[in-house]
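Below is one structure; the comments refer to it alone.
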Amino acid sequence: MMYNTYGIRTIGELARTDPSFLERQLGKMGLVIYSFANGWDDSPVSAEGYQAPIKSIGNSTTTPRDLENDQDVQIILMALAESVAARLRKHGFKCNVVSISIRDNGLFHFSRQRKLQDSTDITDEIMSAAYQLFRENYHWPRPIRSLGIRADDLVMGQVPVQLDLFMNEQRREKQEKLDRAVDDIRRRFGYHSVQRAFMYQDKILSSLDAQGFHTVHPVGYFNGR
């Protein structure tokens, strides 16, 4: 772990670390955890029972090992897409935009987004959009250290969809039912109780439980900062 390497083992040590060092190592998130460690949060106090509206749902991970080819990326993106799509379904949302973030092992970081033709909470559609973004924007200058997927421009899941001549709505309904069946199995028996076959092409990468390691951030930190 980076924290052990640099002698950061407690919140107190993290609070005393130079914030510019954390920013170089972790980007904006370095400043986030520095502020958390110091107890800084100027977000307004909310009334009991208040729930802030959800504007996006996302997940990212530092990979179990550096990703070196497209197959590695597909495995991690699928784990993240399953995680994000499951949370969309849990909260009753669909998304109109899919974003990805990429950080290579030289700590160069960037993100890209794509507007979808139709609102979706279907795992395969989110995965497809994320992988297309990856293929269009990354050409392997270096191995990849971390990946993220975010669903943006959310709408309620019951919002009607404008059908077109090229949409196979029956196929989408079957995918939605399959996704919800998988959600139910994993809720009862755990994430690894059901997996896609291609995930097992790499045992190390497929061991990632993206659904079990969400990072939830205070609302105030993402209101205009």
Side-chain angles (χ1 to χ4, degrees), residues 1-6 8 20-33 56-88 95-118 120-153 175 179 182 191-192 195-215 217 222:
M1 292 290 291
M2 181 200 79
Y3 308 108
N4 288 329
T5 301
Y6 294 104
I8 305 172
S20 62
F21 169 78
L22 294 173
E23 185 176 22
R24 288 195 302 272
Q25 298 300 317
L26 300 172
K28 179 182 177 182
M29 192 52 61
L31 300 179
V32 172
I33 63 173
S56 67
I57 290 176
N59 201 2
S60 61
T61 185
T62 298
T63 53
R65 64 167 175 79
D66 283 358
L67 309 182
E68 299 178 341
N69 54 55
D70 286 4
Q71 177 180 290
D72 289 350
V73 169
Q74 284 180 300
I75 292 172
I76 297 299
L77 284 181
M78 178 55 77
L80 293 171
E82 287 184 329
S83 164
V84 170
R87 291 176 71 193
L88 285 171
C95 67
N96 287 304
V97 173
V98 169
S99 304
I100 65 167
S101 60
I102 299 172
R103 186 186 301 276
D104 66 24
N105 67 356
L107 300 184
F108 173 74
H109 175 269
F110 71 92
S111 59
R112 297 289 186 271
Q113 67 178 29
R114 174 190 299 278
K115 185 170 179 60
L116 305 176
Q117 180 177 344
D118 303 292
T120 190
D121 61 2
I122 296 173
T123 298
D124 282 350
E125 292 183 357
I126 293 172
M127 165 61 181
S128 177
Y131 187 57
Q132 283 182 325
L133 277 169
F134 170 80
R135 289 294 303 273
E136 292 169 2
N137 293 282
Y138 199 77
H139 305 291
W140 293 106
R142 303 176 69 103
I144 292 172
R145 178 68 51 83
S146 68
L147 285 174
I149 294 179
R150 190 176 72 244
D152 291 301
D153 190 11
Q175 287 183 308
D179 279 343
V182 171
Y191 174 74
H192 288 105
Q195 289 276 284
R196 296 167 188 258
F198 89 87
M199 298 287 283
Y200 289 105
Q201 295 178 92
D202 189 294
K203 292 183 178 180
I204 294 176
L205 298 181
S206 64
S207 67
L208 174 71
D209 177 3
Q211 292 189 18
F213 291 96
H214 291 302
T215 301
H217 307 287
F222 296 95

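Given the structure is predicted, the values throughout are model-derived calculations rather than measurements.
Looking at Asp70 and Arg135, their side chains come closer than 4.5 Å, going by heavy atoms from C-beta outward. With a 4.5 Å cut-off on side-chain heavy atoms, Tyr138 and Ile144 count as touching. Using a 4.5 Å heavy-atom threshold, the side chains of Asp179 and Ile122 count as touching. Side-chain contact between Gln175 and Asp124 is present, with heavy atoms from C-beta onward closer than 4.5 Å. In this structure the side chain of Glu82 never reaches within 4.5 angstrom of the side chain of Met127, judged on heavy atoms. Ile126 is listed as a side-chain neighbour of Leu88, based on a closest heavy-atom distance under 4.5 Å.
Separation of atoms OH (Tyr131) and CD (Glu136) is listed at 11.5 Å; rounding is to 0.5 Å. Atom CD1 of Ile100 and atom CD of Gln132 lie 11.0 Å apart (nearest 0.5 Å). Summarising the geometry, atom CG belonging to Asn105 is positioned 10.0 Å from atom CG belonging to Leu67; distances are rounded to the nearest 0.5 Å. Remark: Leu147 CG to Asp104 CG distance equals 11.0 Å, nearest 0.5 Å. With rounding to the nearest 0.5 angstrom, the OG atom of Ser111 is 7.5 Å from the CD atom of Gln113.
Residue Ser56 comes nearest to Arg150 through the heavy atom pair OG-CD, 3.7 Å, listed as atom of the first residue, atom of the second, then distance. Across all non-hydrogen atoms, the minimal contact from Ala81 to Ile149 is N-CD1, 3.7 Å. In plain terms, the two heavy atoms of Pro64 and Ile76 that are nearest each other are CD-CD1, 4.3 Å. Nearest approach of Arg114 to Ala129, heavy atoms of both residues: NE-O, 4.0 Å. Heavy-atom minimum distance, Arg142 versus Gly106: NE-N, 3.4 Å. For the pair Gly58 and Arg87, the tightest heavy-atom approach, listed with the atom from each and the gap, is O-NH1, 3.0 Å.
Partners of Arg112 according to the salt bridge (charged side-chain N to carboxylate O under 4.0 Å, His left out) rule, which considers only residues two or more places apart in sequence or in another chain, do not exist here.
Considering Ile57, Thr120, Val84, Asp152 in turn, Thr120 is the only one that fulfils the side chain to side chain contact (heavy atoms under 4.5 Å, CB included) rule with Cys95.
Using cut-offs of 30° and 60° for the angle between ring planes, the Phe110 and Phe108 rings count as tilted.
No side-chain donor-acceptor contact under 3.5 Å links Trp140 and Asn69.
Remark: side-chain polar atoms of Gln201 are paired, donor with acceptor, to backbone N or O of Phe198 under 3.5 angstrom. When atom types are taken as modelled, the side chain of Asn96 and the backbone of Asp153 share a donor-acceptor pair closer than 3.5 angstrom.
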Quiz item: Where do Thr63 and Leu208 land on the side-chain contact (heavy atoms from CB on, under 4.5 Å) test, with the steps shown first?
Solution: CA-CA 8 Å; Thr63 53; Leu208 174 71; over 6 Å; no
Self-check item: Working for side-chain contact (heavy atoms from CB on, under 4.5 Å), residues Met78 and Thr123
Solution: CA-CA 8 Å; Met78 178 55 77; Thr123 298; 3.9 Å; yes
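Counting non-hydrogen atoms of neighbouring residues, nucleotides and ligands closer than 6.0 angstrom, the CZ atom of Arg65 exceeds 12 such neighbours.
With respect to Arg145 and Asp66, a salt bridge is recorded, a charged nitrogen being found less than 4.0 Å from a carboxylate O.
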